Amino acid sequence: MGFGHIRLRSRGKFTLVTLQRRTFSDSEFEHNIQTLLCNRLPSPNSTMSQAQMGSMAGLKPQEVAFWLGKAVEWGQTESPDTQRDTCLHLGPLRAFLQLLLTHIHTQSSTTETMRTIPFVGQFLGRLCWNPYVTADAGSRSLLLQSLWSLYSEEPHNAVERKANQWIRNLLCQLATEEDSATHMLVKHMGLSPKEYSVKVLRKMVLLLVEEVGESCSSLADPNPRCSCDSVLAASVACVPLVTCPETAPLIGALLQRPMTCDKAALSQDFLDAVSSAYSRKCVSLEAQAVVSLWCHNLASLEGAVMSLLDSVLSNPASTLHNLENTITHSLLPKACSQHSSIFLIVNDIFRSMLVQVEGNQTLLSLIHTFTLCFLRELAALQPQECVSLKAFFPHTPQSLLAPLLTHPSEMAQEAWPEHLAWITASLQRLTEEEEEEEGNRGQCGVFEAWFLLVQCADWLEVASQLLVSARPQAFGPLLWLLTFYHHPTNRGHHRTQQLVAAREVWDHLRSLFLLSAPPLPADRLQSLAGLMSAVPQQPSLDSLLVVSLLVNFAVFSHNSLSGAREIVRMVSSQLYPF
């Protein structure tokens, strides 16, 4: 009723019932069961041999004969007396089904089960066709579990292949039954067909979640049937249902299930379907389920990173607060803090983008803010969940790692100059070694150091601030650090010339803000504009370096507000005449 079509696609105990309506006559049903069970099944009125009964440990012959008789009796008529009798026996029936299910679990295969319990097909089949039995939640649950236990992931003979086909038909019946009795029951409960279908789906999902959460069977079991066999089949079953809100708990359980053995792999179709649905916002997953999805599916992780980049780069005017919210809501910092492998992949994508859009200030801000969010998530982890910082930065010179990752707020301001001087000295040694080494090895080390500097750009803001009040003999290391940040590659070996130009810019700004009184000296403004003019065959300073110095002089110098505003206006008109 109401599920439309549920196609059965399964490789294990869990079966996807895909919505396919088919009805069988009673004679066809009997024929299917008889074909399934190799030997002709005994009728409920016949007497089983003592050998057959003796092989069914825990199942009493009289009890077996009683329930076989009831199953046949209930299926022959839909009179009020039959319906009443069925309802009265539901409690004892559940107890018998639980006993039968326990016995099935002790068998090593479906073939073995059918040999020891030859009546199982006829019995389960008749009950599945009885709407008064399947309408009972407990009985329906036990019937489903029994069918899942009988389904063979890899059938080894004709009997098991026919059993699988028969089980599909029964599951289709459970999912699509539309007989008058079911309609009457649903109507009596005050539910619409859609509501009934949703409730059934939710119950099936809860059962599957419980099964998925189970660990492997104990090795002490003489006939173990590993519960991990069903994980692949359950993931296949979810593929057409990933956008149904009711299946979200099952999707989360599958994604977060620990890989206890090699049989617990998830279907690639399932991972692709969930990834596509999540990227289109067609499925709602808990944060930890999303992180697990990225661990399983590299394409999904890459898509999430590219989506973040597209969102940020398409809106360069976004405020720092909005940028931080966008990054946090992407869940990528949380995933990076929990899995160093994810952090390395995200960083590789950032590196690639830096090469493609060199000098993009929005991208630099994104990388810096992302690192701050990542470090905050990392600090929130429990000590036993943390790993060494080296695992997150394996290629970064380790001597720079701790100094740069230490936030300026974590030390006294009096220690900033000395700390920055140490960082600058370390970077200078690295660049000198680069010039001495052949090949890309040295360049790689310098690039990684520069990339870490981009990630920890708070120290650049501190350096720009200290340059405002720096004495002439102390500004050198600070200015070198800013120049290296804006010109890391030393193309054409122009770093020395760029450093000289940066020193002249600093000197002019210092004169304008700290030494000059109105009116502003025109020669200083013209010289500053000349330093910013692009001259062929000669290196020019990055305008962002000049703007950084200009803003910090305006904010941290002791010049009056009106005076600072006038200087900024005049310098800006020289830098950006249009």
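Quantities reported herein were computed from a predicted structural model and do not represent experimental measurements.
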Task: Residue pairs involving residues 316-340 (criterion salt bridge (charged side-chain N to carboxylate O under 4.0 Å, His left out); sequence neighbours excluded) - done: E324-R376, K334-E377
Open item on the list: I need the minimum non-hydrogen distance between L298 and I345, along with the two atoms involved.
Closed with: CD1-CD1, 3.5 Å
- [ ] Look up atom CG in L308 and atom CG in L313, then write down how far apart they are to the nearest 0.5 Å.
- [x] 8.5 Å
Task: Smallest separation among heavy atoms of N552 and E461, with atom names - done: OD1-O, 4.2 Å
- [ ] Pick out which of L404, L452, L389, L405 makes a side-chain contact (heavy atoms from CB on, under 4.5 Å) with T396.
- [x] L452
Task: Note, L332 side chain near F374 side chain (heavy atom, < 4.5 Å) - done: no
Task: Electrostatic pair D348-R351, nearest N-O below 4.0 angstrom - done: yes
TODO: Could you verify whether a donor N or O on one side chain and an acceptor N or O on the other, from T319 and H321, lie under 3.5 Å apart?
DONE: no
Open item on the list: So I342 and C295, do their side chains get closer than 4.5 Å, heavy atoms only?
Closed with: yes
TODO: Can you see which heavy atom on L372 is nearest to which on H407, and at what distance?
DONE: CD2-CD2, 4.1 Å
TODO: Side-chain contact test, heavy atoms from C-beta onward, threshold under 4.5 Å: evaluate it for I327 versus P333 and give yes or no.
DONE: yes
Open item on the list: Measuring only between side-chain heavy atoms, which start at C-beta, is Q413 closer than 4.5 Å to W416?
Closed with: yes
- [ ] Look up atom CG in L453 and atom CD1 in I423, then write down how far apart they are to the nearest 0.5 Å.
- [x] 8.0 Å
Task: Sole candidate of T483, V462, L467 that passes side-chain contact (heavy atoms from CB on, under 4.5 Å) when paired with L478 - done: L467
- [ ] Specify the closest pair of heavy atoms between V242 and V283, including all atoms of both residues, with the distance to one decimal.
- [x] O-CG2, 3.5 Å
Open item on the list: Applying ring pair (Phe, Tyr, Trp, His ring centres under 6.0 Å) to F447 and W450, what does each step give before you reach the verdict?
Closed with: CA-CA 5 Å; F447 178 83; W450 173 76; 5.8 Å; yes
Open item on the list: As a quick check of understanding, evaluate side-chain contact (heavy atoms from CB on, under 4.5 Å) for Y485 and V454, giving each step before the final call.
Closed with: CA-CA 8 Å; Y485 172 75; V454 171; 3.7 Å; yes
Open item on the list: Any heavy-atom pair between the side chains of N315 and N322 that's under 4.5 Å?
Closed with: no
TODO: Looking only at non-hydrogen atoms, find the nearest pair between P403 and W459 and report the distance.
DONE: O-NE1, 3.5 Å
Open item on the list: What's the separation between atom CZ in F343 and atom CZ in F393, rounded to the nearest 0.5 Å?
Closed with: 3.5 Å
Open item on the list: Keeping T406 on the side-chain end and A402 on the backbone end, is there a donor-acceptor pair under 3.5 Å?
Closed with: yes
TODO: Look up atom CG in L250 and atom CZ in R202, then write down how far apart they are to the nearest 0.5 Å.
DONE: 14.5 Å
Open item on the list: Apply side-chain contact (heavy atoms from CB on, under 4.5 Å) to residues L271 and L266 and explain how you reach the verdict.
Closed with: CA-CA 7 Å; L271 294 172; L266 298 176; 4.0 Å; yes
Open item on the list: So L430 and F484, do their side chains get closer than 4.5 Å, heavy atoms only?
Closed with: no
TODO: Evaluate the criterion side-chain hydrogen bond (donor to acceptor under 3.5 Å, both in side chains) for residue pair S464 and S548; output intermediate values, then yes/no.
DONE: CA-CA 7 Å; S464 299; S548 175; 3.1 Å; yes
Open item on the list: I'd like to know whether V274 forms a side-chain contact (heavy atoms from CB on, under 4.5 Å) with N297, so could you lay out the CA-CA distance, the side-chain angles of the two residues, the decisive distance to 0.1 Å, and finally the verdict.
Closed with: CA-CA 10 Å; V274 175; N297 191 274; over 6 Å; no
- [ ] Without swapping roles, check the side chain of T431 against the backbone of Q428 for a donor-acceptor pair under 3.5 Å.
- [x] yes
Please list every donor-acceptor pair under 3.5 Å in which a side-chain atom of residues 363-371 meets a protein atom from a residue at least two apart or in another chain.
| from | atom 1 | to | atom 2 | distance (Å) |
| --- | --- | --- | --- | --- |
| S365 | OG | Q361 | O | 3.0 |
| H368 | NE2 | D458 | OD1 | 3.4 |
| H368 | NE2 | D458 | OD2 | 2.9 |
| T369 | OG1 | S365 | O | 2.8 |
| T371 | OG1 | I367 | O | 2.8 |

Open item on the list: With heavy-atom distances below 4.5 Å as the criterion, would you say the side chains of N347 and F392 are in contact?
Closed with: no
Open item on the list: Taking atom NE2 as the centre, does H395 end up with more than 12 heavy-atom neighbours from other residues, nucleotides or ligands that are less than 6.0 angstrom away?
Closed with: no
- [ ] Please assess H339 against S341 for the test side-chain hydrogen bond (donor to acceptor under 3.5 Å, both in side chains), listing each intermediate value before the final yes or no.
- [x] CA-CA 5 Å; H339 303 278; S341 57; 5.3 Å; no
TODO: Report the distance from atom CG of L293 to atom OH of Y278, rounding to the nearest 0.5 Å.
DONE: 8.5 Å
Open item on the list: Does atom CD (E286) have a neighbourhood of more than 12 heavy atoms from anything else shown, all under 6.0 Å?
Closed with: no
Open item on the list: Regarding S235 and S267, do their side chains bring together a donor and an acceptor under 3.5 Å, going by distance alone?
Closed with: no
Task: L255 vs F270 side-chain heavy atoms within contact, under 4.5 Å - done: yes
Open item on the list: So, taking the atom named CD in Q288 and the one named CG in L331, what distance separates them when rounded to the nearest 0.5 Å?
Closed with: 9.5 Å
Open item on the list: How about CD on E410, more than 12 heavy atoms from neighbouring residues, nucleotides or ligands closer than 6.0 Å, or not?
Closed with: yes
